[in-house]
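Data block below; observations after.
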Number of protein chains: 2
Amino acid sequence: MPKMSDVAKLAGVSTATVSRVLRNPDTVTPSTKEKVLEAINQLNYQPNMLARHFRRTETNTILVLVPNISNTVFSEIVGGIEEEAAQNGYRVLLRNTNNQLENEYASIEHLKQRQVDGMIMLSPKLDEETLIEISHQYPIVLATAHLETPTIPFVSIDNVRSSEKATEHLIRLGHRRVAHISGPMYSLISRNRYEGYQNAMKNHGLNPEDKFVREGEFTYESGYEHMLDLLSQKEVPTAIYAASDDMAIGAINAANELGVKVPEDLAVVGFDNIKFASMFNPSLTTIAQPLHGMGQRSMELLLKKLNGEAISQTEHVLPDKLIIRDSCGAKHKEKLLPM
Amino acid sequence: MPKMSDVAKLAGVSTATVSRVLRNPDTVTPSTKEKVLEAINQLNYQPNMLARHFRRTETNTILVLVPNISNTVFSEIVGGIEEEAAQNGYRVLLRNTNNQLENEYASIEHLKQRQVDGMIMLSPKLDEETLIEISHQYPIVLATAHLETPTIPFVSIDNVRSSEKATEHLIRLGHRRVAHISGPMYSLISRNRYEGYQNAMKNHGLNPEDKFVREGEFTYESGYEHMLDLLSQKEVPTAIYAASDDMAIGAINAANELGVKVPEDLAVVGFDNIKFASMFNPSLTTIAQPLHGMGQRSMELLLKKLNGEAISQTEHVLPDKLIIRDSCGAKHKEKLLPM
DNA sequence: ACACTGAATGTAATCGATTACATTGGTGGT
DNA sequence: ACCACCAATGTAATCGATTACATTCAGTGT
């Protein structure tokens with residue numbers, strides 16, 4: 001494995017010049033530059049990145065914290081991050097937290113040890129205070145997360161508003177008994193979506209009753225179980241808004257099992273627009289998050305931080321979209337109620 | 001940011017001793033060890049990993065090449081790798097190749113520059129010869145890949161045999177016009193699955209006709225399109241074996257669209273057992289690969305290579321499983337034909 | 001012709017942990 | 001009492017690229 005001094009010797013220059021050819025080519029005379037490049041070629045020289053990283057105290061690597069890599073929502077975002085990172089010469093280190101707080105703490109050690117230049121956290125569980133403290137010392141960006149006091153750049157959608165849209169859509173289809181299966185309440189996103197559901201109900205003079213609300217865990221199974229439960233009550237909902245597509249699909253299968261037809265007897269709206277939403281039967285009406293774009297934007301923001309650029313805007317709320325398919329029954333209706 | 005010499009000074013020892021406390025605690029007297037640990041604590045010292053990596057020429061990081069991170073098959077495998085890696089103090093660097101050969105080449109540069117200690121390639125596109133050449137110089141392991149001459153450790157299932165099982169299952173349900181939508185033929189896996197399909201047909205005295213075989217791309221869309229096409233022929237298949245669940249679901253939706261009922265008019269078997277296979281309606285009969293386990297095993301093998309242990313067995317063929325659900329119609333049949 | 005300027009290049013210190021080799025001091029055997 | 005040996009610790013070289021500072025030299029102005 002040839003090193004820089006070998007190149008220098010062969011080219012008849014000093015290591016300083018070789019280094020300059022590599023990093024500041026403009027400060028070197030074309031003729032010497034050529035000699036050096038020739039020597040590099042001849043020796044098939046590759047700079048030792050470990051030495052470079054050590055000397056410059058930077059790694060050109062960023063860390064992405066993912067609650068669960070197998071969840072398509074997160075892997076799509078990671079895809080966006082990865083693309084933007086690669087284009088800017090950064091590499092992406094991945095870490096599955098499995099929703100464990102201790103894994104988030106452990107990842108901060110990586111930052112402290114300078115093993116990565118920065119970090120993007122997807123749906124962090126850490127409390128806001130701790131996050132802010134970390135961000136004072138290290139470049140971090142949050143995605144699919146929301147802060148009360150936006151001191152750290154984050155990328156998200158407006159979960160309250162999008163939830164309102166989803167619920168409103170069901171109400172305008174004539175439903176009055178609209179149920180909601182939420183995500184876990186420790187997550188701000190879940191609380192925001194629940195809030196949006198409540199807002200929509202109240203805005204239309206409806207009372208969001210407790211018996212129509214269930215706390216799920218974003219998973220298929222939790223959607224399935226809660227739907228069975230909801231349909232076993234005396235008064236049964238005619239529509240349901242689930243805070244994730246997985247839960248919505250679970251709910252539909254539960255309804256089917258009980259002979260309740262979707263969308264005829266039960267209108268369903270989900271959230272996420274996972275790939276499978278359009279393949280499912282009935283195809284799922286859902287809120288689409290611009291996942292790839294959110295990943296890209298997060299990386300863009302992190303790059304700014306890494307380059308020491310000022311970030312004027314810390315809140316990055318990207319547009320979401322209600323995608324109307326078959327599960328809500330809108331396609332069978334003549335027209336919607338007015339807003 | 002305190003360094004080792006600071007700790008040494010505070011503890012009244014040399015840096016060598018501090019280093020020993022950190023890496024070979026047994027060679028240090030308990031009393032000095034205590035002094036050093038006390039100093040480390042007091043200064044809140046964190047070793048500079050960049051310096052350590054540089055000095056030791058190792059990074060405790062491995063690279064995983066993924067054709068597409070958003071594909072659940074691969075993200076499950078990555079999950080398994082990640083888990084095993086974390087348990088052994090290794091970190092996982094991720095790289096999306098998007099099926100681009102040039103990205104595989106670029107990743108080899110990382111190895112050459114010693115930025116990672118080893119690499120796991122998922123479904124590599126690189127030719128066998130090149131792979132073998134690389135593996136002479138660097139620790140690599142392949143997963144969901146198969147080699148003619150197994151000089152590089154790889155983890156896979158027996159795609160030929162599993163395909164035979166899938167096709168046979170349909171034949172034993174009484175089907176004779178069994179179609180196959182394959183994966184792209186540049187992939188050895190696709191060719192193996194096609195081979196298994198052919199074997200099963202021939203073994204049962206059936207002729208695998210060209211008009212019943214289509215080359216897809218593992219995607220929902222390709223399954224959908226090819227099924228439309230297959231059903232528009234004069235002679236129509238009564239069963240289909242698709243080389244991925246995505247294609248199988250595409251096929252089912254295409255059949256539905258043409259009024260062909262699954263499983264009554266068309267039996268369907270898929271491959272992969274993606275999460276949605278069991279949620280789909282009809283639920284999908286499919287071959288389950290032990291994805292998480294394959295990831296784990298790949299990492300185990302790579303760890304052996306990294307530790308310089310000999311790998312006696314390079315071919316690691318894990319057991320797959322035919323999971324019978326609703327899409328093949330087996331549950332409506334009284335009994336199967338004999339083998 | 002001489003001093004001055006600045007571009008091009010060289011010299012050598014530096015980053016922080018690791019480790020080969022050197023030194024110290026204590027123990028046991030005779 | 002002396003030596004041999006071993007365990008514990010220290011000294012200092014080392015990894016390879018980067019870069020502050022030093023040097024060289026060609027060109028310019030007077």
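Numbers restart at 1 for each chain; the letters A, B, ... are given by sequence-line order, proteins then strands.
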Quiz item: Using a cut-off of 4.0 Å on non-hydrogen atoms, how would the nucleic acid contact of A:V18 be classed: base, sugar-phosphate, or nothing?
Solution: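 Nothing, no heavy atom under 4.0 Å.
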Quiz prompt | 5' priority, DNA chain D, between A:N48 and B:P30 [closest heavy atom] | solution = B:P30
Exercise. With DNA chain D as reference, determine whether B:A51 or B:K33 sits nearer its 5' end, using the nearest nucleotide of each.
Key: B:K33
Nearest to the side chain of [X], heavy atoms from C-beta on, is which of [options]?
{"X": "B:R52", "options": "C:dG10, C:dG16, C:dT18", "result": "C:dT18"}
{"X": "A:V28", "options": "D:dT11, D:dA17, C:dT9", "result": "C:dT9"}
{"X": "B:F54", "options": "D:dT9, D:dC15, C:dT18", "result": "D:dC15"}
{"X": "A:K3", "options": "D:dT18, D:dG16, C:dG10", "result": "D:dG16"}
{"X": "A:A16", "options": "D:dT19, D:dG10, C:dA17", "result": "D:dT19"}

Practice problem: Can you check whether any acceptor in the base of D:dT14 is under 3.5 Å from a donor in the side chain of B:R55, or vice versa? | Solution: yes
Exercise. Please confirm whether any donor atom in the side chain of B:R20 sits under 3.5 Å from an acceptor in the base of D:dG10, or the reverse.
Key: yes
Quiz item: Are A:N99 and A:Y186 side-chain neighbours, meaning at least one heavy-atom pair lies under 4.5 Å?
Solution: yes
Practice problem: Would you mind reporting whether A:L22 and A:M4 have side-chain heavy atoms less than 4.5 Å apart? | Solution: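 SC-SC contact between A:M4 and A:L22 confirmed.
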Quiz item: So among A:N71, A:N68, A:T144, A:T97, which one has a side chain to side chain donor-acceptor pair (under 3.5 Å) with A:S123?
Solution: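 Exactly one option meets the side chain to side chain donor-acceptor pair (under 3.5 Å) with A:S123, and it is A:T144.
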Quick check on [N]: is either OP1 or OP2 less than 4.0 Å from any side-chain nitrogen or oxygen of [X]?
{"X": "A:T15", "N": "D:dG16", "result": "no"}
{"X": "A:Y45", "N": "D:dG16", "result": "no"}
{"X": "B:T29", "N": "D:dT9", "result": "yes"}
{"X": "B:R56", "N": "C:dA17", "result": "no"}
{"X": "A:S5", "N": "D:dA17", "result": "no"}
{"X": "A:T57", "N": "C:dC15", "result": "no"}

Quiz item: Would you say B:N24's side chain and B:D26's backbone share a donor-acceptor pair under 3.5 angstrom?
Solution: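 Not at all, since once roles are kept as given, no pair shorter than 3.5 Å links the two residues.
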